2 protein chains.
Amino acid sequence: MIRNAEMEVNVVAQLEPVAVAGNPAAETKLGRKRDHTRDPEILAAALAVLAETGFDGMTIDMVATRAKAGKATLYRRWPSKNELVIDAVACMKQGDLDPDRLPDTGTLRGDLVAMIKPRSIEDAEKKMQIMAGLMSMLSATPEMADAANNAIVKPRAAANRFLMQRAVDRGEISPTCDIDTLCLVTPSMAAYRTLIERKPVDRDFLITLIDGVLLPALGLRGDTDPARRGKVAPPAS
Amino acid sequence: MIRNAEMEVNVVAQLEPVAVAGNPAAETKLGRKRDHTRDPEILAAALAVLAETGFDGMTIDMVATRAKAGKATLYRRWPSKNELVIDAVACMKQGDLDPDRLPDTGTLRGDLVAMIKPRSIEDAEKKMQIMAGLMSMLSATPEMADAANNAIVKPRAAANRFLMQRAVDRGEISPTCDIDTLCLVTPSMAAYRTLIERKPVDRDFLITLIDGVLLPALGLRGDTDPARRGKVAPPAS
DNA sequence: TCTATACGATACTGTGGAGTTCCGGATCTT
DNA sequence: AAGATCCGGAACTCCACAGTATCGTATAGA
């Protein structure tokens with residue numbers, strides 16, 4: 001499900017022999033080279049299994065089977081299940097939220113509404129499933145918590161912060177607003193709705209958040225007219 | 001750590017012989033009776049282990065040891081680990097959030113601030129740990145999801161809703177406010193902060209939420225914001 | 001007192017998964 | 001071509017834990 005074939009892979013343990021001075025055997029590697037183009041496929045398989053079964057329900061065999069790889073291959077590249085999962089989560093950054101590609105409609109509400117796309121919702125939902133599968137080990141493995149936070153929540157919060165900051169810069173909202181807190185409202189409440197309430201994070205819910213929480217808290221009047229709800233402002237440019 | 005010794009215990013499988021008409025053996029039970037006063041201790045031990053290790057890391061032996069009970073005793077009362085945990089979660093309702101005992105200071109801000117007590121924070125933190133430990137199985141076991149939602153989040157949201165509704169009733173805030181959404185802001189963001197960000201949910205954070213998110217969204221001016229920004233429509237009469 | 005049962009403690013069984021090892025075949029370097 | 005290393009696949013070891021069985025002891029009712 002990961003489309004970005006050139007996804008950057010930061011394998012935690014590279015497992016390559018250290019080039020020790022005076023050790024000629026370490027300088028040139030003979031034999032077949034490791035096919036690193038398969039790393040992303042394996043990590044994607046790990047993410048898929050993780051989302052479906054959670055960390056504890058996931059087995060290395062499941063990942064290997066789904067990636068059409070051998071279990072030994074996985075252990076040649078990652079020293080343990082833990083490190084494989086940490087790597088998989090860390091490598092799932094997705095470019096949907098680059099500041100360059102964010103909407104720019106001229107109003108904060110237009111920008112926020114324009115970010116609601118079926119693709120974006122679906123993507124967020126899958127990330128939430130992964131987060132749920134990781135939850136139990138976050139307290140025991142801080143590296144996992146950091147990886148999850150950096151890959152799943154921070155990018156979305158950063159996008160919201162960017163849009164809000166731009167609204168501040170053009171004078172739409174007051175610079176005294178607590179943007180750092182408010183940009184976390186949507187991710188937090190979407191997570192709660194998905195993981196605990198088990199209700200869908202659909203367009204209506206997100207519009208409710210924007211008009212009932214975010215904009216009022218920023219000193220703007222939410223659009224309370226149901227007839228106008230969901231209308232996206234015409235693209236700027 | 002559960003002080004309420006009279007905690008109600010809804011054992012899922014009571015395991016008592018059904019009094020079948022015509023079966024004399026089922027009517028009178030001989031021998032030593034089961035000591036049901038120990039049920040709460042066992043469930044409390046299960047909750048403690050659950051919070052510390054998560055569901056998958058928790059073993060029946062850990063619970064038995066902490067409860068100073070034998071493993072067989074646990075299996076005499078609950079048919080499986082799953083049912084024990086469901087029962088433990090369902091029985092953890094705590095009376096700190098009765099509508100009768102909620103603060104009544106005359107203003108919504110006063111009420112919300114008055115709910116910030118060290119005891120309350122500590123209690124919420126432990127519940128969050130339990131929730132994290134359950135996360136991975138919520139999707140697989142709906143009964144668990146319901147038990148967790150009912151015992152952990154719903155009571156707090158209900159308390160917030162009660163305070164906000166009272167503010168509506170006395171005309172402090174507009175009845176058009178989306179109270180059902182706003183009463184979930186604090187629990188959601190506290191959960192995010194605890195479980196993913198791994199920062200403490202302290203008094204400062206909660207005050208920030210109240211003054212930077214909740215009150216502005218309800219059309220009230222937060223305490224820390226000196227500038228009077230966009231005004232929300234006055235209460236409809 | 002006698003009997004049936006609960007109790008804590010401990011040993012035991014069965015299963016499932018992490019991690020390892022080996023195999024035949026493929027692919028790279030020299 | 002030859003040797004080294006990778007590959008997928010499968011068998012293997014090791015261990016932790018759910019659940020069961022059995023012990024001697026304690027306590028309830030008859």
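Below, read A as the first sequence line, B as the second, and so on, with proteins coming before strands; counting in each chain starts at 1. Treat the numbers as computed from the prediction; the structure is a model and nothing was measured. Hydrogens, waters and symmetry mates play no part in the numbers below; they use all other heavy atoms, side chains included.
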At 4.0 Å (heavy atoms only), tell me whether A:Asp61 reaches a base, stays on the sugar-phosphate, or touches nothing. nothing
First of B:Asp56 and B:Gly31 reached from the 5' end of DNA chain D, by closest nucleotide: B:Asp56
Looking only at side-chain N and O atoms, does B:Thr73 come under 4.0 Å of OP1 or OP2 in C:dG8? yes
Could you state the atom-to-atom distance from CD1 of B:Ile60 to P of C:dT13 in whole Å? 21 Å
For D:dT20, take OP1 and OP2 only and decide whether either is under 4.0 Å from a side-chain N or O of B:Arg76. no
Is B:Lys33 near enough to D:dG29 that one of its side-chain N or O atoms lies under 4.0 angstrom from OP1 or OP2? yes
Is B:Arg32 side chain donor-acceptor paired with the D:dA28 base, going by distance under 3.5 Å alone? no
Base of D:dG19, side chain of B:Lys71 - is there a donor-acceptor contact under 3.5 Å? yes
For a quick check of understanding: with a heavy-atom distance under 4.0 Å over all strands, which category does B:Met58 fall into, base, sugar-phosphate or nothing? sugar-phosphate
NA contact type, A:Ala64, heavy-atom cut-off 4.0 Å: base, sugar-phosphate, or nothing? nothing
May I have the step-by-step check of side-chain hydrogen bond (donor to acceptor under 3.5 Å, both in side chains) for A:Thr59 and A:Asp61, ending in yes or no? CA-CA 5 Å; A:Thr59 71; A:Asp61 281 304; 5.1 Å; no
Do B:Asp123 and B:Arg119 sit within salt-bridge range, that is, some charged N less than 4.0 Å from a carboxylate O? no
